[in-house]
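This report concerns only the one structure given below.
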Amino acid sequence: MRTYLTISVCIIFSLSALGKSQKNNINVKKDSSYIESYYNDLIVRLYSGEKTHSLDLSDLNNPYHILYQPNGYFNLGVGVNYKWFGLSLASKVPFFLNSEIRKGETRRFGLQSYIYTNKLSIDILSSYLKGYYLNNSYLYLHSFSKDIEYQRNDISSLNFGISVNYIFNNSRFSYKAALGDTEKQKKSAGSLIAGGSIYSYQTKADSSFVPRGIDAKYFIKTRDLSRSGVIAFNANLGYAYSLVFLKNGIFTMSYLLGAGFQDNSFEGVSDTGTHQWAFDFKHTGRFGIGYRLNTYNARVSVIRSTQYTNLKINDLSIGHGTNFMQVSLGKRFSVGK
């Protein structure tokens, strides 16, 4: 019930923010010496990318951690933008699919979107995944080799969240130029970024997260843990900067740190659930590099977001991470004034 309530609050929050940002877009005055807008142009792009979610378990008493990941894939898609309208469609690329024999099968459903308006950056996460593998299993379990990973078809995760952040120097700094195709950054500029976020991560398994083959000196108090949940409320603060090079190139990096409080829930295979309120932190990094040649634009962007669940009472730290990578090639068509 708590998860459903959080999801409802997030939906209302996101719709309100989107509505307000679209209204404010009309009134934003851009410094034309820094930003060139392609709002009235038709932009068509071909892109490929990957989205994934990871589960990082760290022993707080030792420099030791294990990382679960879903079996990922690249997709290939086509997108269009014209004025306020944008649409993207994509499907799996068969020759980029990872071997299910080596890493197992992952079933997934969800939405992961990064929206940039003139004044706001909005990150939306909604995903369900079932089926993970232990990355580099041979380093932890002697019975495995590089040819096959330890597979956990019983591990599933349900994740939802939204982060809305205000771009203070919005007249001179553009996320649309850095990580999109609808604007061009003409001069180097940066901006302070601040806002808030709400996230919910729910992970469960039929047996313990920690494989029985792991040395008994690690995760001493948490070897029975089979379910964890997080509902986190954070305030965010960070900075972004775009460096313009060779006149038409752009290199962008940004870092956003979130801190607040969260409700941790966890339980083992043989015990009942426990709740614990605690301080938490989250960080999101963005990287983008692109170049424009006349009406063509090539771009690579990477976004990494991690929420840490620090269960100190059980000598365990759980890191929930989402990754997004995209490579795109776009062309701009002038269709009006």
Side-chain angles (χ1 to χ4, degrees), residues 9-10 13-31 33-37 39 51 86 112-125 160-199 232-245 250-262 279-290 299-308 319-326:
V9 171
C10 289
F13 184 37
S14 62
L15 291 177
S16 176
L18 283 171
K20 183 177 179 180
S21 66
Q22 291 303 316
K23 180 180 179 180
N24 290 343
N25 276 346
I26 301 174
N27 301 322
V28 172
K29 292 184 179 180
K30 296 288 187 179
D31 188 333
S33 63
Y34 278 81
I35 299 175
E36 180 179 351
S37 175
Y39 181 77
K51 304 175 183 179
Q112 187 173 332
S113 182
Y114 300 93
I115 303 170
Y116 305 105
T117 72
N118 286 332
K119 291 185 177 182
L120 300 174
S121 69
I122 304 170
D123 302 348
I124 299 175
L125 167 67
F160 188 90
I162 181 169
S163 178
V164 180
N165 300 285
Y166 184 79
I167 304 168
F168 285 85
N169 190 20
N170 51 69
S171 64
R172 292 187 173 184
F173 173 81
S174 172
Y175 259 138
K176 294 181 182 181
L179 302 171
D181 307 305
T182 58
E183 290 182 348
K184 176 184 177 181
Q185 189 84 41
K186 299 167 70 174
K187 294 181 181 180
S188 300
S191 178
L192 182 70
I193 302 170
S197 60
I198 304 173
Y199 280 90
F233 304 85
N234 293 336
N236 304 324
L237 182 65
Y239 191 80
Y241 187 82
S242 287
L243 173 68
V244 175
F245 63 93
I250 183 172
F251 175 80
T252 301
M253 291 192 70
S254 74
Y255 183 78
L256 191 68
L257 179 64
F261 57 93
Q262 66 184 32
F279 176 80
D280 81 302
F281 71 93
K282 174 183 183 295
H283 63 86
T284 301
R286 284 176 169 83
F287 161 84
I289 186 169
R299 173 174 52 85
V300 177
S301 58
V302 178
I303 299 175
R304 165 70 178 176
S305 177
T306 300
Q307 176 83 41
Y308 286 101
H320 292 272
T322 57
N323 293 306
F324 174 79
M325 177 181 178
Q326 187 179 85

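In what follows, every heavy atom counts, from backbone to side chain, and hydrogens, waters and symmetry copies are set aside.
Between N170 and T117 there is no side-chain heavy-atom pair separated by less than 4.5 Å. Residues Y241 and S191 fail the side-chain proximity criterion, which asks for heavy atoms closer than 4.5 Å. Using a 4.5 Å heavy-atom cutoff, the side chains of E183 and K30 are in contact. Within the 4.5 Å cutoff, the side chain of F173 has heavy atoms near those of the S242 side chain. The shortest side-chain heavy-atom distance between N234 and D280 falls under the 4.5 Å cut-off. Taking the side chain as every heavy atom from C-beta outward, I303 and N323 never approach each other to under 4.5 Å. Side-chain contact between R299 and D181: present, with at least one pair of heavy atoms (C-beta onward) separated by less than 4.5 Å.
Residues satisfying the ring-ring contact (aromatic ring centres under 6.0 Å, His included) test with Y116, not counting sequence neighbours, are Y175. Every ring-ring contact (aromatic ring centres under 6.0 Å, His included) that F168 has, sequence neighbours left out, goes to Y166. Listed by chain and residue number, K282, T284 satisfy the side chain to side chain donor-acceptor pair (under 3.5 Å) test with S305 (two or more places apart in sequence, or in another chain).
Expressed to the nearest 0.5 Å, how far CD1 of I193 lies from CG of L256 amounts to 6.5 Å. The distance from the NZ atom of K29 to the CD1 atom of I35 is 15.0 Å, given to the nearest 0.5 Å. Rounded to the nearest 0.5 angstrom, K176 NZ and S37 OG are separated by 6.5 Å. To the nearest 0.5 Å, the span separating CG on L120 from CG on N165 amounts to 8.5 Å.
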Between L179 and R286, does the side chain to side chain contact (heavy atoms under 4.5 Å, CB included) criterion hold? Intermediate values first, please. CA-CA 9 Å; L179 302 171; R286 284 176 169 83; 3.6 Å; yes
Would S33 and K187 satisfy side chain to side chain contact (heavy atoms under 4.5 Å, CB included), going step by step from the backbone distance to the final call? CA-CA 7 Å; S33 63; K187 294 181 181 180; 4.2 Å; yes
I would like to know whether I124 and I115 meet side chain to side chain contact (heavy atoms under 4.5 Å, CB included); could you show each step before the answer? CA-CA 8 Å; I124 299 175; I115 303 170; 4.0 Å; yes
Working note: H283 + L257, criterion side chain to side chain contact (heavy atoms under 4.5 Å, CB included); need CA distance, chi angles, decisive distance, verdict. CA-CA 4 Å; H283 63 86; L257 179 64; 4.3 Å; yes
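Distance alone, capped at 3.5 Å, places no donor-acceptor pair between the T182 side chain and the Y39 backbone.
Nearest heavy atom pair, residue F279 against residue A259, reads CZ-CB, 3.8 Å. Between A194 and L237, the shortest heavy-atom distance links the atoms CB-CD1, 4.0 Å. Residues G258 and N236 approach most closely at CA-OD1, 3.3 Å, considering heavy atoms. The shortest heavy-atom contact between I167 and S121 is CD1-N, 4.3 Å. Listed here is the closest heavy atom pair of N169 and G190: ND2-O, 2.9 Å. I250 approaches F245 most closely through the heavy-atom pair N-CE2, 3.3 Å.
Ring pair F287/F251: centre-to-centre distance below 6.0 Å. If you look at Y255 and Y239, their ring centroids are not closer than 6.0 Å. A ring-centre distance under 6.0 Å is not found for Y199 and F160.
Under the 4.0 Å criterion applied to side-chain N and carboxylate O atoms, K186 and D31 are not assigned as salt-bridge partners.
A donor-acceptor contact closer than 3.5 angstrom is absent between the side chains of S163 and S197.
For the pair K51 and F324, the NZ or CZ position fails the cation-pi test of under 6.0 Å to the six-membered ring centre and within 45 degrees of the ring normal.
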